[in-house]
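Per chain, numbering begins at 1; letters A, B, ... match sequence-line order. Everything numeric in this text was worked out from a predicted model, so none of it was measured.
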There are 2 protein chains.
Amino acid sequence: MTSAPKLSDQLCFAAYSFTHALNRAYRPLLEPLGLTYPQYLVMLVLWEADGQTVKEIGERLKLDSGTLTPLLKRLETIGYVTRRRGKADERQVIVHLTEEGRALSDKAAGIPVELGCAMGAELGEIANLRERLLALRDRLGETGCAVGEPET
Amino acid sequence: MTSAPKLSDQLCFAAYSFTHALNRAYRPLLEPLGLTYPQYLVMLVLWEADGQTVKEIGERLKLDSGTLTPLLKRLETIGYVTRRRGKADERQVIVHLTEEGRALSDKAAGIPVELGCAMGAELGEIANLRERLLALRDRLGETGCAVGEPET
DNA sequence: CCCATATCAATTGCGCGCAATTTGATTTTG
DNA sequence: CAAAATCAAATTGCGCGCAATTGATATGGG
């Protein structure tokens, strides 16, 4: 017997393989820019607000320094960002766009359109899905089921 | 100006960070079984049908041998599966559950419930999201936007 | 029958993603 | 003010995910 898990698992796998499909779809679009998808996300964050710390970028993208530090070093090597210790607080590293990095946002402008097109979904559908995924994500971030965990 | 990409990108990021949140939620549940989430997916596939080839597992999970070969070797090392060359066709490797591997499905039975609970979503919501993610994923798998690509 | 082609798995190389630890700076506290 | 606690980033180690290549087997055409 032991009917194997089927239920909500399928949602997990759906999200998992959807994400990989997205990655694959992005790859050819990002390759001309010399970016991977996670690097592209970091650039998006910086295009929105230049000069953020590693920590701030990590909070936005839900990534830690173990992931970001080498990624940012690569972006620095390509020449899209600079990394400098903060003057006020020398613990933190502040990431700035270079001219080239800033200019890249023009070349990247068409990417979301292409992708939306590839998915063939309307804006409403996309926005709706996004909301629900983010809501579930945030609920997952909490303690969970209230099964254990006496307190704090 | 150059208003940075915002549109469907947000869906992509939502899926991306939702997937990571799922991974994090699964980790403590799978750790007692000694499995990672991708390893758990392989076990799910095998619990459904034992004795599949690497290729068949890859088709179900949308993974290639570069990912699966080392993963399956790890599962073999732990003692959950065996890997044998096929007799009829020696190119393929057939993956079988061990006793221990088969028995594991009992211990894994509670996982989807815990996760569904952690997400706090009803079954309908979950099924609906799953359908739409899979549909989008499959649309992404196709050529895309019909922008270029003369033929074959 | 034999060779060209196709197929399957394994390997290599690179970039995440994250847990755990380390290093160094800053803040808190006694 | 000094010791302790906290905090930011870097480092280490491991497991994916995938492109590209390799090697071995199978298959189909001439």
Provide, to the nearest angstrom, the distance between the [atom1] atom belonging to [X] and the [atom2] atom belonging to [N].
| X | N | atom1 | atom2 | answer |
| --- | --- | --- | --- | --- |
| Tyr40(B) | dG15(D) | OH | C1' | 19 Å |
| Gln92(A) | dA25(C) | CD | C1' | 10 Å |
| Leu71(A) | dA9(D) | CG | P | 14 Å |
| Ile94(B) | dT7(C) | CD1 | C1' | 15 Å |
| Gln39(B) | dG17(D) | CD | C1' | 14 Å |
| Leu72(A) | dA10(D) | CG | C1' | 12 Å |
| Tyr16(B) | dG17(D) | OH | P | 13 Å |

query = Is Arg85(A) salt-bridged to Glu90(A), cutoff N-O under 4.0 Å?
reply = no
ask   = Under a 4.0 Å N-O cut-off, is there an ion pair linking Glu31(B) with Arg27(B)?
value = no
Any [X] side-chain N or O less than 4.0 Å from OP1/OP2 of [N]:
| X | N | answer |
| --- | --- | --- |
| Thr53(B) | dC8(C) | no |
| Lys55(B) | dA6(C) | no |
| Tyr37(B) | dG15(D) | no |

query = Got a sec, which residues hit side chain to side chain donor-acceptor pair (under 3.5 Å) with Tyr40(A), two or more places apart in sequence or on another chain?
reply = Asp9(B)
message = Test of understanding: with side chain to side chain donor-acceptor pair (under 3.5 Å), list the residues that count as partners of Asp138(B), not counting sequence neighbours.
response = none
Taking N or O atoms only and anything under 3.5 Å, show me the protein contacts with nucleotides 18-21 of chain C, one pair per line.
{"residue": "dC18(C)", "atom": "OP1", "partner": "Arg24(B)", "partner atom": "NE", "Å": "3.1"}
{"residue": "dC18(C)", "atom": "OP1", "partner": "Arg24(B)", "partner atom": "NH2", "Å": "3.1"}

inquiry  = Measuring only between side-chain heavy atoms, which start at C-beta, is Leu44(B) closer than 4.5 Å to Phe13(A)?
reply    = no
So which protein nitrogen or oxygen atoms get under 3.5 Å of nucleotides 3-6 of chain D's nitrogens or oxygens?
none

inquiry  = Does anything in residues 62-73 of chain A form a side chain to side chain donor-acceptor pair (under 3.5 Å)? List the pairs, not counting sequence neighbours.
reply    = Asp64(A)-Thr67(A)
query = Looking at DNA chain C, which of residues 75-90 of chain B put a heavy atom within less than 4.0 Å of it?
reply = Arg83(B), Arg85(B)
